[in-house]
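Presented below is the structure to which this report refers.
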2 protein chains.
Amino acid sequence: MLPAITWKKDRLVMVDQRLLPWKEKYLELITVEQVASAIERMVIRGAPAIGIAAAYGLALGVRNLSRGCDLEKEFEKFYRRLWKTRPTARNLFWALERMKRVFEENRKGGLAHLKRVLLQEARTIEKEDFEINRKIGENGAGLIPEGATVLTHCNAGGLATAGYGTALGVIRAAFARRKNIRVYACETRPFLQGARLTVWELWRERIPVTLITDNMAGWLMSRGEVNLVIVGADRVTRNGDTANKIGTYSLAVLARNHSIPFYVAAPISTFDFKLKRGEEIPIEERNPDEVRKIRNRLITLPDVPVRNPAFDVTPGRLISAIITEKGVLRPPFSREIRKIIHRTDSGNE
Amino acid sequence: MLPAITWKKDRLVMVDQRLLPWKEKYLELITVEQVASAIERMVIRGAPAIGIAAAYGLALGVRNLSRGCDLEKEFEKFYRRLWKTRPTARNLFWALERMKRVFEENRKGGLAHLKRVLLQEARTIEKEDFEINRKIGENGAGLIPEGATVLTHCNAGGLATAGYGTALGVIRAAFARRKNIRVYACETRPFLQGARLTVWELWRERIPVTLITDNMAGWLMSRGEVNLVIVGADRVTRNGDTANKIGTYSLAVLARNHSIPFYVAAPISTFDFKLKRGEEIPIEERNPDEVRKIRNRLITLPDVPVRNPAFDVTPGRLISAIITEKGVLRPPFSREIRKIIHRTDSGNE
C-alpha cells in the first residue's frame with residue numbers, strides 16, 4: 001500500500017495527491033510553512049492524513065529551532081500557522097492539541113529532548129492511525145454483505161490516512177475476507193478525489209470498482225443497484241452529525257429515501273466532543289476556480305460566480321451506524337458517544 | 001438570442017455546442033448523415049432542438065434526391081438513420097413522424113413539390129417551437145415568486161430549443177417581468193451542459209447565475225438557499241413520469257425531502273402518449289469516455305469501468321407541476337394528460 005505520508009530520516013515525504021493518478025511525485029518537506037502550505041493546497045488531504053501531517057509539521061518546526069530561541073513563542077507560531085490551514089477536519093486540531101500537550105509536558109527537558117519526543121509523538125500518531133484503521137476495517141467488514149455493491153464518495157482510503165483507510169479500510173477488510181463485492185466510486189466534484197484517488201487505490205488492489213458521476217447515485221439506488229453507502233468523516237459531533245466531503249449529505253438523503261444503509265467510518269480522533277450539533281461545525285468555502293477549472297482548464301466562463309463549500313453536514317438521524325475503532329455505534333448516537341467520552345482518556349475532551 | 005439551429009438559404013447551420021462557451025463555431029450541414037452524426041455526437045442536443053434538427057435532416061435528404069430515384073425507399077432510409085441517433089428524447093420521434101405524414105400526404109405531388117413542403121414543414125416545426133416556448137414561459141412565470149432562487153439542471157434553454165427555452169424560458173419570462181430572481185446552475189456532469197451552456201445563456205442576458213457542482217444541490221436546499229427547482233424534459237409518459245438529464249431524479253428526491261417545489265417545463269411534443277409509465281422509456285447509455293474525460297483530458301484511469309446513463313426518470317409523484325404551452329398541469333397527471341390527448345389532434349397520438 002502506498003502511504004500518503006512517511007517520515008524519512010530528517011524529512012517528511014508526501015505524494016502530491018493533486019497529480020494522482022497520472023504522476024507519482026513525492027515532495028520532501030522540512031519546514032512548518034511547507035507542511036502548512038501542502039495542507040492548504042491539498043497536496044495532502046483527508047482528515048486523518050491532515051492530522052498526521054500537522055503533527056509532523058510541529059515536529060519539523062521544533063527540529064529547526066536553535067538553542068537560545070524563545071521556544072514557547074516559536075512553538076505557538078507554528079501551532080497557529082498549522083491551526084489555520086483548514087477549518088473543518090477535527091483531526092487537524094486533535095493532532096495539534098496532542099502535540100502541544102507533549103510539548104508542555106517536556107519543555108523543561110531541553111531542546112534536544114523536545115525535538116526527540118515531538119518527532120516520536122508524530123510517529124506514534126501515524127502508527128496508531130494505521131492500527132485504528134485496521135480495527136475500523138475489522139469492525140465494519142461484517143456490515144458488508146456477501147455480493148454487495150457498495151457506493152462510496154470522495155476518498156477515505158489509504159491516501160486519506162496513514163495507509164489503510166476508513167471507508168476504504170472497511171471495503172478492504174471485506175474484500176480480504178473474500179467477500180464478492182463491487183464498489184461504485186462517485187467522482188466527487190470539484191476536486192475529483194473519487195475519480196482520481198479512490199479509483200486508483202481500488203484498481204491497484206483489484207477490488208472491482210466502477211466510476212460514476214456524483215449525480216448518478218440516486219438513479220442507481222432507485223434501480224436497486226446499490227446495497228449500501230459508506231463514507232469517511234471530517235468531524236462528528238456529540239449527536240452523530242457528520243461533516244464530510246460535499247455531496248455526502250445528498251447521498252445520505254437518497255440512501256434513506258431508498259431504504260439503503262448509510263455508514264460512516266471514522267476514528268475517535270474525528271469526533272469533536274465539544275460540539276453538540278452539526279450546525280456548529282465550520283464549513284470551509286474554497287477557491288471558486290476549483291469549480292471553474294478541471295485539470296487547469298476552464299469548464300465554464302472565467303468570471304461566473306461559484307459556490308464551493310468543501311463539506312456538508314449529514315444529520316445523525318440519516319446515519320445507520322458509525323464504525324469506529326472502539327466498535328460500531330448505532331443510533332441514538334448521543335448516548336453511544338457519551339459512553340465513549342466517559343471511557344476516553346486520550347485527552348480528546 | 002442565439003439560435004441553436006437555423007436554415008440558411010440551402011443549408012442547415014448549427015453552432016457546435018460541444019465547443020461553447022469558448023468557441024462559437026458554426027457547422028453547415030447539407031446531408032442527412034451530417035445531421036444524424038451531429039445529433040449523435042451532441043453537436044446539437046436538447047429534446048426540442050433534436051426534433052427540429054431531425055425534421056430539417058429529412059428535408060435535406062429529400063432535397064438532395066434526383067428525379068427517378070426510389071423516393072419511398074430513400075425516405076425510409078433517411079428516416080431510419082435519424083430515428084436511431086438517440087433513443088430517449090420523444091421530440092426526435094415526434095418530429096420524424098410528423099415529417100413522414102407530410103411526406104405521405106404529398107408524395108404524389110412530385111419531387112419538387114415534396115422538397116418544398118418538407119422544408120416548409122421543418123421551418124414550421126422550428127417556428128412553432130419558438131412560439132410554444134414563449135407560451136411555456138408565460139404559463140410558468142407566475143410560479144416563480146419575486147426574489148426566488150431557482151435551481152436548474154442541464155440546459156433547457158435557447159440552445160436546447162428553437163431559441164427561447166423551456167425551463168430557461170420560464171426563467172427568462174419571470175426575469176422579463178422584472179422579478180428579482182437568481183439562478184443556481186448545476187454543472188451537469190458528464191457533459192457539463194449547465195457549466196457551459198446554461199451559465200453562458202444566462203450570463204449573456206444578465207440574469208444572475210451562480211454555478212455549483214451537482215453534488216452541492218442537496219446541501220444548499222437544506223440551508224434554505226433554493227426556493228424551487230425547474231428542469232426540462234426528454235420524454236413524459238401518460239402518468240407524468242419524466243425522463244430528463246441524469247441527475248434530475250436525485251434533485252427531485254432532494255426537493256421533495258426539503259418541501260421545495262419541483263417543476264418540469266416541456267412542450268406537448270415531449271409527451272409520449274403511447275407510454276403508460278417511466279419504466280418503459282429507453283435510457284441511453286453513452287460512451288464511457290464522456291465520464292473519463294473532461295475537455296479531452298482524462299480525469300481518472302483510462303480503463304476504469306464507468307456507468308454513463310445519459311438520462312434518468314423522475315416519477316410524476318415527485319413533480320409539483322408540468323408547465324406546457326397548453327397550461328400548467330397539476331397532479332394527478334394521468335387525468336390532466338388524458339384531457340390533453342382528447343383535445344390534441346396534432347397527430348401526436
Side-chain angles (χ1 to χ4, degrees), chain A residues 21-22 153 184-190 192 194-196 199-200 203 208-223 225 245-254 256-258 283 288 291-292 294-301 303-309 311-313 315, chain B residues 21-22 153 184-190 192 194-196 199-200 203 208-223 225 245-254 256-258 283 288 291-292 294-301 303-309 311-313 315:
Chain A
W22 305 285
H153 189 58
Y184 274 126
C186 290
E187 64 175 2
T188 320
R189 279 281 288 146
L192 296 168
R196 297 189 300 104
V199 160
W200 187 65
W203 185 261
V209 58
T210 299
L211 176 66
I212 60 171
T213 60
D214 301 318
N215 60 20
M216 289 174 192
W219 176 237
L220 294 175
M221 288 181 192
S222 79
R223 293 166 58 101
E225 299 189 40
K245 184 51 53 196
I246 185 73
T248 303
Y249 169 73
S250 292
L251 291 175
V253 171
L254 289 163
R256 173 60 49 96
N257 196 265
H258 296 94
I283 299 293
V291 171
R292 293 189 196 116
I294 296 178
R295 296 203 71 188
N296 231 14
R297 297 189 72 184
L298 278 169
I299 60 147
T300 187
L301 298 177
D303 300 318
V304 66
V306 158
R307 291 295 301 274
N308 189 14
F311 305 94
D312 57 27
V313 177
Chain B
W22 305 285
H153 189 59
Y184 275 126
C186 289
E187 64 176 3
T188 320
R189 279 280 289 146
L192 295 168
R196 297 190 299 103
V199 161
W200 186 65
W203 186 261
V209 59
T210 299
L211 176 66
I212 60 171
T213 61
D214 300 320
N215 59 20
M216 290 174 192
W219 176 236
L220 294 175
M221 288 181 191
S222 79
R223 292 167 57 100
E225 298 188 40
K245 182 51 55 196
I246 185 73
T248 302
Y249 169 72
S250 292
L251 292 175
V253 171
L254 289 163
R256 172 60 51 95
N257 196 264
H258 297 94
I283 299 294
V291 171
R292 293 190 197 115
I294 296 178
R295 295 202 72 188
N296 229 15
R297 297 189 73 185
L298 278 169
I299 59 147
T300 187
L301 297 177
D303 300 318
V304 65
V306 158
R307 291 294 303 273
N308 189 14
F311 305 94
D312 58 27
V313 177

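Numbers restart at 1 for each chain; the letters A, B, ... are given by sequence-line order, proteins then strands. Just the heavy atoms: all of them, side chains too, but no hydrogens, waters or symmetry mates, feed the values below.
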Residue among [options] with most heavy-atom pairs under 4.5 Å to chain B:
options	result
A/Thr188, A/Val199, A/Ile212	A/Val199
A/Gly218, A/Pro190, A/Pro288	A/Gly218
A/Arg292, A/Met221, A/His258	A/His258
A/Asp303, A/Leu301, A/Asp214	A/Leu301
A/Leu220, A/Thr210, A/Val253	A/Thr210

The criterion is ring-ring contact (aromatic ring centres under 6.0 Å, His included); which residues satisfy it with B/Phe311, sequence neighbours excluded? none
Indicate yes or no: at least one non-hydrogen side-chain atom of [X] is less than 4.5 angstrom from one of [Y].
X	Y	answer
B/Asp312	A/Met216	no
A/Asn215	B/Ser250	no
B/Val291	A/Thr213	yes

Below 4.5 Å from any heavy atom of chain A, which atoms of [X] appear? Answer side chain, backbone, both or neither.
X	value
B/Leu298	both
B/Ile294	side chain
B/Leu192	side chain

Relative to each other, are the rings of A/Tyr249 and B/Trp219 parallel, tilted or perpendicular (30° and 60° limits)? perpendicular
Using salt bridge (charged side-chain N to carboxylate O under 4.0 Å, His left out) as the criterion, list what pairs up with B/Arg307, not counting sequence neighbours. A/Glu225, B/Glu285
Can any side-chain N or O of B/Arg295 pair as donor or acceptor with the backbone N or O of A/Arg297 at less than 3.5 Å? no
All heavy atoms of B/Ile299 vs all of A/Arg196, minimum pair found to be O-CG, 3.4 Å
